[in-house]
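See structure below.
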Amino acid sequence: MSTHAQIGVTGLAVMGRNLARNFARNGYTVAVHNRTASKTRELVEEFGGEGEFVPAETAKEFVESLERPRRLVIMVKAGEPTDAVIEEFAPLLEPGDMIIDGGNAHFADTRRRERDLREQGIHFVGTGISGGEEGALHGPSIMPGGSVESYDSLGPMLEKISAKADDGAPCVTHVGPDGAGHFVKMVHNGIEYADMQLIGEAYQLLRDVAGYSPAEIADIFRTWNQGRLDSYLIEITAEVLSHVDAETGKPFVDVVVDQAEQKGTGRWTVQIALDLGVPVSAIAEAVFARSVSGHAELREASRHLAGPSARTLGKEEAAAFADQVEQALYASKIVSYTQGFHQIATGSEEYDWDIDLGKVAAIWRGGCIIRAAFLDRITRAYEAQPGLPSLLADEGFADEIAAAQDDWRSVIATAVAQGVPTPAFAATLAYYDSLRAPRLPAALTQGQRDYFGAHTYHRTDRDGAFHTLWGGDRAEVSA
Ligand code: 6PG
């Protein structure tokens with residue numbers, strides 16, 4: 001029995017299969033295993049020429065084929081299936097061996113698993129892998145957590161199979177201990193939701209207000225993709241919008257049911273942000289927008305609700321409006337990433353992960369779903385100012401938003417006037433204005449809370465907490 005496989009992959013659905021192929025194509029000897037053994041045989045039959053695979057019919061055979069310290073990648077559904085595979089393999093492993101979980105696990109599960117396996121001397125490496133099936137095969141962005149020792153062993157291999165940024169840097173870094181990798185992948189997915197929602201709102205405005213066809217909007221997105229919005233999501237949006245349904249000859253986007261689904265990582269991002277007290281309003285609105293779209297009965301029952309009399313722009317106006325929408329989309333994108341990185345920084349502090357935000361931005365420049373030229377800007381901003389409290393504190397981004405804000409505001413005002421829902425655009429502007437505001441209505445909130453619940457408040461002119469005797473002479477007392 002061969003015991004020289006440098007890495008092993010169990011779970012050979014498309015993502016797992018493509019990851020195994022990627023390792024093999026890069027010269028590694030790859031042990032492969034699947035609960036349904038036929039999948040293992042199919043992989044070797046179909047792709048055996050791409051490199052050296054060591055097929056294993058059983059978990060024991062699979063483990064025995066791995067060189068020490070063993071590196072075992074599990075690519076199965078998050079949740080119980082992952083726990084089941086760990087329970088199957090852990091007893092076969094020895095101290096110093098590594099289990100790499102490449103699924104979209106919840107970081108809290110990863111922290112639990114890492115802690116439990118560490119007691120057996122086994123390294124558990126929760127690893128975010130972004131880029132879908134193509135990314136897994138040709139080079140994903142990889143976000144491993146876990147111990148430094150495990151990264152010392154795995155890092156060179158992951159760097160070899162990862163995507164490479166334009167400057168050649170591998171899109172992988174040791175994000176931080178225990179669940180840090182899956183936490184960052186979760187926020188990546190939250191930002192992905194926000195990016196997709198903002199693009200969707202821009203599309204709807206160009207469709208309903210400017211009166212452009214999907215094909216015309218595709219051309220507009222292609223133009224935007226040559227500039228500061230250059231990104232994978234903008235690129236594929238143009239492809240989706242220019243696609244014609246073969247059966248009906250209609251624009252593809254018009255024959256698709258307008259109810260967005262979600263596997264859950266965007267939802268987790270918002271839930272965790274609420275626990276951490278981080279306002280990720282763009283991501284939250286993106287999650288809620290998907291939920292709203294799915295309430296078909298509620299939408300049907302609301303068809304009769306009054307709305308403004310919409311007016312489609314003339315040709316000249318439409319072109320000018322499209323330029324304004326680009327400004328609004330870019331400004332909203334800056335705010336949305338500001339919120340996402342704030343969540344990563346807060347999570348890093350909360351869980352003592354010491355995450356390097358510049359390195360996170362750097363590994364998102366290639367391979368992942370949110371890959372974009374924009375991330376070069378963010379990488380440079382954090383590299384230049386490591387302690388940057390917010391991307392909006394970066395002079396370059398602040399100047400770009402300042403230049404965009406009139407159009408940003410005008411587009412949102414037009415959307416409101418024309419009854420086109422733009423929850424994420426509006427949320428990002430509200431966040432921006434809330435940060436800028438010299439005073440917020442939170443002062444009134446504190447007064448109300450003290451009135452009905454004696455929850456006390458602080459004063460602007462002296463330290464301490466106070467309460468007003470609302471039911472009596474309204475005297476103020478120290479709390
Ligand atoms: C990636 C993707 C992937 C994710 C789905 C999102 O980084 O490759 O984010 O991990 O699971 O593409 O699916 P939902 O939109 O259903 O959450």
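As the structure lists them, so they are numbered: ligands from 1, and atoms in each ligand from 1.
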Below 3.5 angstrom, do we get any N/O pair linking [X] and ligand 1?
X    : value
Q262 : no
G132 : yes
E192 : yes
I129 : no

Where is the nearest protein heavy atom to [atom]: which residue, which atom, and how far?
atom                    : answer
atom 11 (O) of ligand 1 : N104 ND2, 3.1 Å
atom 8 (O) of ligand 1  : G131 N, 3.0 Å
atom 15 (O) of ligand 1 : R290 NH1, 3.0 Å
atom 10 (O) of ligand 1 : K185 NZ, 2.7 Å
atom 7 (O) of ligand 1  : S130 OG, 2.6 Å

Check whether any side-chain N or O of S153 sits under 3.5 Å from a backbone N or O of S150 as a donor-acceptor pair, and report yes or no. no

So does G103 get a backbone contact from the side chain of K77, meaning a donor-acceptor N/O pair under 3.5 Å? no

Compare every heavy atom of W408 with every heavy atom of S332, then report the nearest pair and how far apart it is. OG-NE1, 3.0 Å

Are any of the side-chain nitrogens in E57 or R41 under 4.0 Å away from the carboxylate oxygens of its partner? yes

Are any of the side-chain nitrogens in R115 or D178 under 4.0 Å away from the carboxylate oxygens of its partner? no

Where does the angle between the aromatic ring planes of Y382 and F341 fall among parallel (under 30°), tilted (30 to 60°) and perpendicular (over 60°)? tilted

Between F288 and Y193, does the ring centroid distance fall short of 6.0 Å? no

The atoms of ligand 1 lying under 4.0 Å from a heavy atom of I369, numbered in the order shown, are 1 (C), 2 (C), 7 (O), 8 (O)

When you measure from the heavy atoms of M196 to every atom of ligand 1, does any distance fall below 4.0 Å? no

